[in-house]
There are 4 protein chains.
Amino acid sequence: MQERRSVVTENTAPRRLRADAQRNVDSLLEAAKAVFGTSGVDAPAKQIADLAGVGVGTLYRHFPQRSDLVKAVFQREVDACADAAPALSAAHEPGVALDKWLQRYTEFLATKRGLASALHSGDPAFDALPCYFMQRLGPTCASLLEAAAANGEVRADVSAKDLLYAVANLCLPVEDEGVAYSRRMVALLVDGLRYGAAVSRSGA
Amino acid sequence: MQERRSVVTENTAPRRLRADAQRNVDSLLEAAKAVFGTSGVDAPAKQIADLAGVGVGTLYRHFPQRSDLVKAVFQREVDACADAAPALSAAHEPGVALDKWLQRYTEFLATKRGLASALHSGDPAFDALPCYFMQRLGPTCASLLEAAAANGEVRADVSAKDLLYAVANLCLPVEDEGVAYSRRMVALLVDGLRYGAAVSRSGA
Amino acid sequence: MQERRSVVTENTAPRRLRADAQRNVDSLLEAAKAVFGTSGVDAPAKQIADLAGVGVGTLYRHFPQRSDLVKAVFQREVDACADAAPALSAAHEPGVALDKWLQRYTEFLATKRGLASALHSGDPAFDALPCYFMQRLGPTCASLLEAAAANGEVRADVSAKDLLYAVANLCLPVEDEGVAYSRRMVALLVDGLRYGAAVSRSGA
Amino acid sequence: MQERRSVVTENTAPRRLRADAQRNVDSLLEAAKAVFGTSGVDAPAKQIADLAGVGVGTLYRHFPQRSDLVKAVFQREVDACADAAPALSAAHEPGVALDKWLQRYTEFLATKRGLASALHSGDPAFDALPCYFMQRLGPTCASLLEAAAANGEVRADVSAKDLLYAVANLCLPVEDEGVAYSRRMVALLVDGLRYGAAVSRSGA
DNA sequence: GATGAATGAGAATTCATTCAT
DNA sequence: AATGAATGAATTCTCATTCAT
C-alpha cells in the first residue's frame, strides 16, 4: 500500500533535498541514534521525533519504515566496518585479519544494544534489515573467511552469512553482562573456527 | 502487591487442583505452547486464553505472571534436560558428555523458537526466567564443564553461565535458517572450548 | 433477581445457623472489620474472604449485598452508640448530653475511615446503609436534639437527619489530617447549633 | 515517566492550539462537565470521550492525568470564586464578607456533585487536586478569615485549610437532599465560627 | 514540506458474581 | 453448606499511522 520510499536510503536517484529537509533528516538520525542507545531500536516514534525537535509526520515522511531509520542510522558505521577489511587484510595474516575484523564487527554490534535484536525480531517493521546487513557485510566477511581458510588457519565449512548471524546473536545483551561478555564469546567462536582447521590439518 | 503465586510452578504444597481446574491448566499449557511457537512468548494473553477455550481471568488465576506460564510450559523439558546429564557423564568421556549435553540443550532451545528471546527480552514480565533457567541448568552445566576441564579436554576459563547464555543466543531464530543452523553454530562454539584446551596443554 | 437475604442482618426469623456456619460468619465479620480499616469498605471481596479463611462463595451466601456486611460489621457499634444516649441524658444537661453524644458518634465514624464515605458513595451496593443508619440513630439523635432545643441550649431548626449526615460528612478523611480534625470540625458545627440558640434567646 | 503535561492547565507558554484542537478541548471540557455531574469525577474516560465525539487518545493527549481534566473543568470557576473575594471585602464588614464568600464557595461545590468527593478520594489520579484547590483558594480564605477574626467577629483558632475542607465535606451529596441542605449546614458551621468569637469576647 | 492532532485498535489487568464440585 | 474456579465485562493507557491544517 505504502509506496513511498525512504529518501535517504534510496540508492537510485538521490534527489537533492531542500536544505531544511536535509537538516531535519540529520536531526532525526542523530536523535534516533541516541534513542536507540537508550531505549532500543523499537522505541516509540514520538520519542525520536521529539528529541529531533521535529513532528512525527516528518519522521514518517523521511523514514516510512522503521527499518529505513535503523538502516540510515547505522549505514555509515556498517560501511566503515566493511571498509575496514582491506587494511586489515593487507596488514595481517589472513587468520588474524579475520579475527580482528570480527572483533570490530562485534564492537559495533555490542555497543549498539538493541540493534542485534532487531536483526531477528520477527517484527515486520525490521524485515528489511537482515537483508541490508548481509548485502553490505556478507562479501567482506566472505573474502576474509576464504582467505583464512585457504591459508589453513580456519575451517572452510562455515559460511560468511552463518558467521555474521552467529556473531550478531552472541552480541545480544545478556542479563547484567556488558560488552566484555560479547567479546569473550565471539573469541570463543573464532577459536572454534581455528580448532576445526587445526584438527583437519593434524588429520592430514 | 502481587502475592498470588502460580499454582503449577509452586513447589511447596502442590495442593491438588480440582479436576476441572486441572483440565483448564492443561489446556492453557497446551495452548500456550502452541501460541509461543507461533507468535513468540510475548503473545497477547487473550490469544492463549481463547485457544485454550478459557477466559482470560482463568489464565491470570493460574499464571499471574507471564513468566509463570513460560516456566510452566517448559519446566518439564528443562528438568528433563538437566536430568539427562548424569547418564551422559556415566557413559562418555567428560568432553563428549559436555558436548552431547550441550547438543541436547540446543535441541531444546532451538525447537522452542521464542523461548530463547524471552531469556533476554528486558521485559520485566520475564525477569524471573533467566534466574529459573540458571538455577536449574547452571549446576548441571557447571559440573560437566569442570569435569571436562579437569580432564584437559576443554579450557577452564569459561563459566557455565556464560556458556549457557551463549548457546541460548546462538539458538535464536535466524532468518530462514532452522535448527540445523543452531546446531552447527553451537558445535563451533564447543570447538572453541576445545581449541583453548589444546593450546594451553601444548603450552604446558 | 437475587432474593436471598443476609442471614445475620435478617431480623425476622433469625433461624439458628449450624455451628460451623456461625463460626464462618464470625470469622467474616472479624476479617471484614480489619479489612475495612485497612482498605476501606469497598475492598475486594476476596481479600476479606481470604483473611477469614473462607471461600468467597461463603461470604456471598451470608452477605449477598456488600451493605449487609457493612451493616453487620458495625451493627454492634451502632447499637452501642444509640444505647449510650439515655445515660448521657440522665447525667447531663440536655445541651451537654447532645454534645457528648455527637462526640461519641464522631469517634465511631472517624475511626472507621471509609465507613462515612460509604454513606454517600452512590454505589448501589451501599444503598441500604444510610437508611439503616438513620433508622437506628435518627430517633436517638432526635430526642437529644429536641431536649436541648426545648431547654434553649441549641437552635430548633436543624433536623436530626441533617445533623447526623453533616457530622458523617465532617468525619470524612481529609488529606493528612486525622481524627483530631474531625473532632474539631464537629465541635465547630455544634457551636453553630448553640450560636443559633443564643441569638434567638438574646432576641427574646 | 509521565512527562507530557496538560496543554490547558499549563500556565507557562500557553502555546496556541490549532483551531480544531481547541474545538476538541472545548468539547471535552463540556462533555467532562456533563459526565462529572452524572457519573462523578471518576467516570470512565471512554464515556467522556464518546460524549465529546472524540477518541480516547485525544482525551489522554490533552489531559494525561485525570486530575488535569478535573482541574481544567473547574479552573475557571475556582478562579472566579477566588476573585470574588476582594469585592466582598470592600462591600461588607469582614464577618459578613467571609460569610458571603463561603456561601459562594458552597454554591460552587454543591452544584458540582462529585467534585468534592474527588478532593478526598484517595485515588492517586486525583492527588494533584487538593493541592491545586488549596493553592488557589487557601490565601483568599485565609485573608477573609483573618480580617473577620481581627474584627472579633469570628474565632481565630480555625485555619483556612480546615475550613475549606470542612465546607467541601459538607457539600458532599446526601441521600436525596439538594444544594439547600449544603447551604444550611455550611451556615451552621459559620455560626460555629461566630459562637466561638462571642465566647472569647465575653471572656475578655 | 512540516506539523502534530486525532484516531482507535489493542494489551494488560482486576473483580463482582455465579455455579459446578 | 462450603468452596474456589471460571467468567468476561470493564477500565486504563499506549502508540503506530494517517491526514487536516
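The analysis underlying the following values was restricted to heavy atoms, covering all of them including side chains, and did not include hydrogens, waters or symmetry mates. Given the structure is predicted, the values throughout are model-derived calculations rather than measurements. In what follows, chains carry the letters A, B, and so on, assigned in the order in which the sequence lines appear, proteins first and then strands, with residues in each chain numbered from 1.
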Which heavy-atom pair separates [X] from [Y] by the least distance, and what is that distance?
X	Y	value
C:V73	C:A32	CG2-CB, 3.6 Å
A:A128	A:S67	CB-OG, 3.6 Å
B:L28	B:T58	CD1-O, 4.2 Å
C:F126	C:V70	CE2-CG2, 3.9 Å
A:A118	A:L129	CB-CD1, 3.9 Å

Quick check for you: to the nearest 0.5 Å, what is the distance between D:D68 atom CG and D:Y60 atom OH?
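Reported to 0.5 Å precision, the distance equals 11.5 Å.
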Rounded to the nearest 0.5 Å, what separates atom NZ in D:K71 from atom CZ in D:R66?
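Answer rounded to 0.5 Å: 14.5 Å.
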Roughly, in whole Å, what's the span from [atom1] in [X] to [atom2] in [N]?
X	N	atom1	atom2	answer
C:R23	F:dT3	CZ	P	11 Å
A:D50	F:dT14	CG	P	15 Å
C:I48	E:dC15	CD1	P	12 Å
A:F126	F:dA16	CZ	C1'	12 Å
C:Q22	F:dA2	CD	P	11 Å
C:L69	E:dT17	CG	P	12 Å
B:D20	F:dT3	CG	C1'	12 Å
D:L28	E:dA5	CG	C1'	12 Å

Taking only side-chain N and O atoms of D:H62, does any of them lie within less than 4.0 angstrom of OP1 or OP2 on E:dA6?
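Yes, within the criterion.
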Between C:N24 and F:dA2, does any side-chain N or O lie under 4.0 Å from OP1 or OP2?
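Checking C:N24 against F:dA2: at least one side-chain N or O falls below 4.0 Å of OP1 or OP2.
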Looking at the base of F:dA5, is there any donor atom on it, or on the side chain of B:R61, that sits under 3.5 Å from an acceptor on the other one?
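Answer is yes: a donor-acceptor pair is held.
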Can you give the donor-acceptor pairs under 3.5 Å from side chains of residues 35-46 of chain D to other protein atoms, not counting sequence neighbours?
residue	atom	partner	partner atom	Å
D:T38	OG1	D:A34	O	2.9
D:S39	OG	D:Q47	NE2	3.1
D:K46	NZ	D:D50	OD1	3.1
D:K46	NZ	D:D50	OD2	2.9

Might you confirm whether atom CD of D:E175 has over 12 heavy atoms from other residues, nucleotides or ligands at distances under 6.0 Å?
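Counting neighbours around CD of D:E175, more than 12 heavy atoms of other residues, nucleotides or ligands fall under 6.0 Å, so yes.
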Treating a pair as Watson-Crick (purine N1 to pyrimidine N3 plus N6-O4 or O6-N4) or G-U wobble (N1-O2 and O6-N3) with both distances under 3.5 Å, list the stems of 3 or more consecutive pairs that involve DNA chain E.
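So far as stems of 3 or more pairs are concerned, DNA chain E shows E:2-21 with F:2-21.
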Is there any protein nitrogen or oxygen under 3.5 Å from a nitrogen or oxygen in nucleotides 8-12 of chain E, and what are the pairs?
residue	atom	partner	partner atom	Å
E:dA12	OP1	B:R66	NH2	3.4
E:dA12	OP2	B:A45	N	3.1

